[in-house]
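These numbers come from a predicted model, not from an experiment. Atoms within each ligand, like the ligands themselves, are counted from 1 in listed order.
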Amino acid sequence: MADDYLVRIGRLIRDARQHRGWSQVQLAEALGTSQSAINRVERGNQNISLEMIARIGEALDSEIVSLGYAGPMHLRVVGGRRLSGSIDVKTSKNACVALLCASLLNKGRTTLRRVARIEEVYRLLEVLNSIGVRTRWINDGVDLEIVPPAELDMASIDAEAARRTRSIIMFLGPLLHRVTEFKLPYAGGCDLGTRTIEPHMIALRRFGLDIAATEGLYHAQVDRTITPGRPIVLTERGDTVTENALLAAARHDGVTVIRNASSNYMVQDLCFFLEALGVEVEGIGTTTLTVHGVPDIDVDVDYSPSEDPVEAMSLLAAAVVTESELTVRRVPIEFLEIELAVLEEMGLDHDRSPEYTADNGRTRLVDLTVKPSKLEAPIDKIHPMPFPGLNIDNVPFFAAIAASAQGQTLIHDWVYDNRAIYLTDLNRLGGRLQLLDPHRVLVDGPTRWRAAEMMCPPALRPAVVVLLAMMAAEGTSVLRNVYVINRGYEDLAARLNSVGAQIEIFRDI
Ligand SMILES: CC(=O)N[C@H]1[C@@H](OP(=O)(O)OP(=O)(O)OC[C@H]2O[C@@H](n3ccc(=O)[nH]c3=O)[C@H](O)[C@@H]2O)O[C@H](CO)[C@@H](O)[C@@H]1O
Ligand SMILES: C=C(OP(=O)(O)O)C(=O)O
């Protein structure tokens, strides 16, 4: 029995080490011991003290053993502090998840640079690992290396991890080229109301994919005699549906035309990656994409996803609500132009550096310095549109910004059934937001924010908006259960602390 525990603890340590991207030698050096000792520990052949487990956990920045269930993460925010200095935008959640799915197209090794270390990525890695894909963090845990097996083990899929993310839906496009029959758990994710997958089904049917949904599973069957032929016209200009169609087209032996395609940032990043795989894509950045498929992709590819415009917007909003001067570096400006035009009309004072190129060699970046400004409510309503409109995921940040402005702002989030409703959580912090209907919120500003203790709304962007308001509120606030924030932001608390915030992470015992 004791031996069994040693083996299990050894396995946990090995996983945590690999997750960190360390070799046994590196861990041994950090602990002042030998590689052979680490090897014995990982194989369960070494009695190990609690003190040693704690030291290993510390070295690997990972809690190896917790008492019972490791409780949810909470944040304690001491608000009213001004931010200052500069902060870098990380790579985007939405491109990273698409690229992880896209790695299934490739028989060779895929290396993705500076992948966001976020829960959404971790869930997809768990799923990939469970079906036999080897992944490891390299270069001090910064980059990710992905090597698919010759045959995928779909029967062993980690259904629990899969159900926690909607992005799993993007396995369909690549998988239809690898397996003729498979089961995939229903796509999950934030609670934003109904999110149909019908447009995905309609697009992928053209590649012979037939899906029956029963008992929490999509039962997929592929008829390889069916090929797209005439152009695929998407019924919605959605981001992931466009990506799924691209992923299916990438290995289709022929030319596929996709119309009403999203030209949003993550789609562009995926197109650049497909080009690196040798798949020619015409029309990148437009709503008609022409894909010259390559049936057999076997290359060692190295790609750097670009920076996240939604994280850039979040950081910019943090500066606005805390009335700070803050430089947000590596802002993908093309995907934030409309937001900035609206903010400029509201009176936001900011400087932009000359443009420079992201590591993908394509996306244009700037450094943006936001200055404390007297904001006025915009005359027109704030509402999203598919790119190049105001980004759907940036809309919630306008609720916090509007609350800082003088006057009334109408926010119309037509996209999601539930998301606008969560914005009224800001009222617990002194906001004056009136829900006109499930999609429209009238925000009265300016706001004298006050501290509060509350549960995180179960939706990523509204949750971050609440956190920003807590940063603006004098006193100590508590935000409970922040998994949804960690789903999309890497080390947000620590990074905000690095520019002057005071946010402490704590957990229930
Ligand atoms: C992993 C990823 O990339 N996620 C993004 C992606 O999700 P994803 O592409 O999965 O978004 P959905 O397909 O759920 O679309 C979002 C909502 O918009 C509606 N809709 C969309 C397009 C359209 O032309 N008409 C229309 O009505 C859909 O019915 C749905 O209710 O796009 C969303 C909308 O930009 C973003 O919030 C998500 O962050
Ligand atoms: C809704 C979002 O993403 P997802 O598609 O991952 O739920 C988001 O990023 O705000």
Sub-4.0 Å atoms of ligand 1 with respect to non-hydrogen atoms of [X]:
{"X": "Tyr416", "value": "16 (C), 33 (C), 34 (C), 36 (C), 37 (O), 38 (C)"}
{"X": "Asp239", "value": "6 (C), 9 (O), 32 (O), 33 (C), 34 (C), 35 (O)"}
{"X": "Asp393", "value": "36 (C), 37 (O), 38 (C), 39 (O)"}

- Task: Could you tell me whether Tyr265 and Phe387 have their ring centroids closer than 6.0 angstrom?
- Result: no
Is it the side chain (CB and beyond), the backbone, both or neither of [X] that lies under 4.0 Å from ligand 1, heavy atoms counted?
{"X": "Trp414", "value": "side chain"}
{"X": "Val415", "value": "both"}
{"X": "Ile392", "value": "side chain"}

Exercise for review: Decide whether Thr165 and Glu120 meet the rule of one side-chain donor and one side-chain acceptor closer than 3.5 Å.
Suggested key: yes
Note the single closest protein heavy atom to [atom], along with its residue, its atom name and the distance in Å.
{"atom": "atom 1 (C) of ligand 2", "result": "Leu192 CD1, 3.5 Å"}
{"atom": "atom 4 (P) of ligand 2", "result": "Arg487 NH2, 3.4 Å"}
{"atom": "atom 19 (C) of ligand 1", "result": "Glu236 OE1, 3.9 Å"}
{"atom": "atom 5 (O) of ligand 2", "result": "Arg195 NH2, 2.9 Å"}

Aromatic Trp137 / basic Arg117 pairing, under 6.0 angstrom, 45° off normal
yes
| request: Compute both the distance and the angle, then confirm whether Arg164 meets the cation-pi test with Tyr483: under 6.0 Å from the six-membered ring centre, within 45 degrees of the axis. | output: yes
Give a yes or no on this: more than 12 heavy atoms of other residues, nucleotides or ligands lie within 6.0 Å of atom CZ of Arg134. no
Which of Arg330, Arg329, Arg114 passes salt bridge (charged side-chain N to carboxylate O under 4.0 Å, His left out) with Asp88? It is Arg329
query: Could you go step by step and tell me if Phe272 and Tyr303 meet the ring pair (Phe, Tyr, Trp, His ring centres under 6.0 Å) rule?
result: CA-CA 9 Å; Phe272 301 147; Tyr303 184 74; 7.2 Å; no
Under 3.5 Å: N/O of Glu243 near N/O of ligand 1: no
Is there a side-chain hydrogen bond (donor to acceptor under 3.5 Å, both in side chains) between Asn427 and Thr424 once you walk through the steps? CA-CA 6 Å; Asn427 291 345; Thr424 57; 5.2 Å; no
Check: Thr322 and Ser324: side-chain hydrogen bond (donor to acceptor under 3.5 Å, both in side chains), yes or no, with the steps?
Finding: CA-CA 5 Å; Thr322 58; Ser324 305; 2.7 Å; yes
Per-atom filter on ligand 2: closer than 4.0 angstrom to a heavy atom of Lys93 are 2 (C), 3 (O), 4 (P), 6 (O), 8 (C), 9 (O)
If we number the atoms of ligand 2 from 1 as shown, the ones under 4.0 Å from a heavy atom of Arg461 are 8 (C), 9 (O), 10 (O)
To atom 3 (O) of ligand 1, the nearest of Asn94, Leu460, Leu270, Val395 on a heavy-atom basis is Asn94
Just to confirm, does any protein heavy atom lie below 4.0 Å from atom 12 (P) of ligand 1? yes
Of Ile197, Leu247, Leu209, the one forming a side-chain contact (heavy atoms from CB on, under 4.5 Å) with Leu204 is Leu209
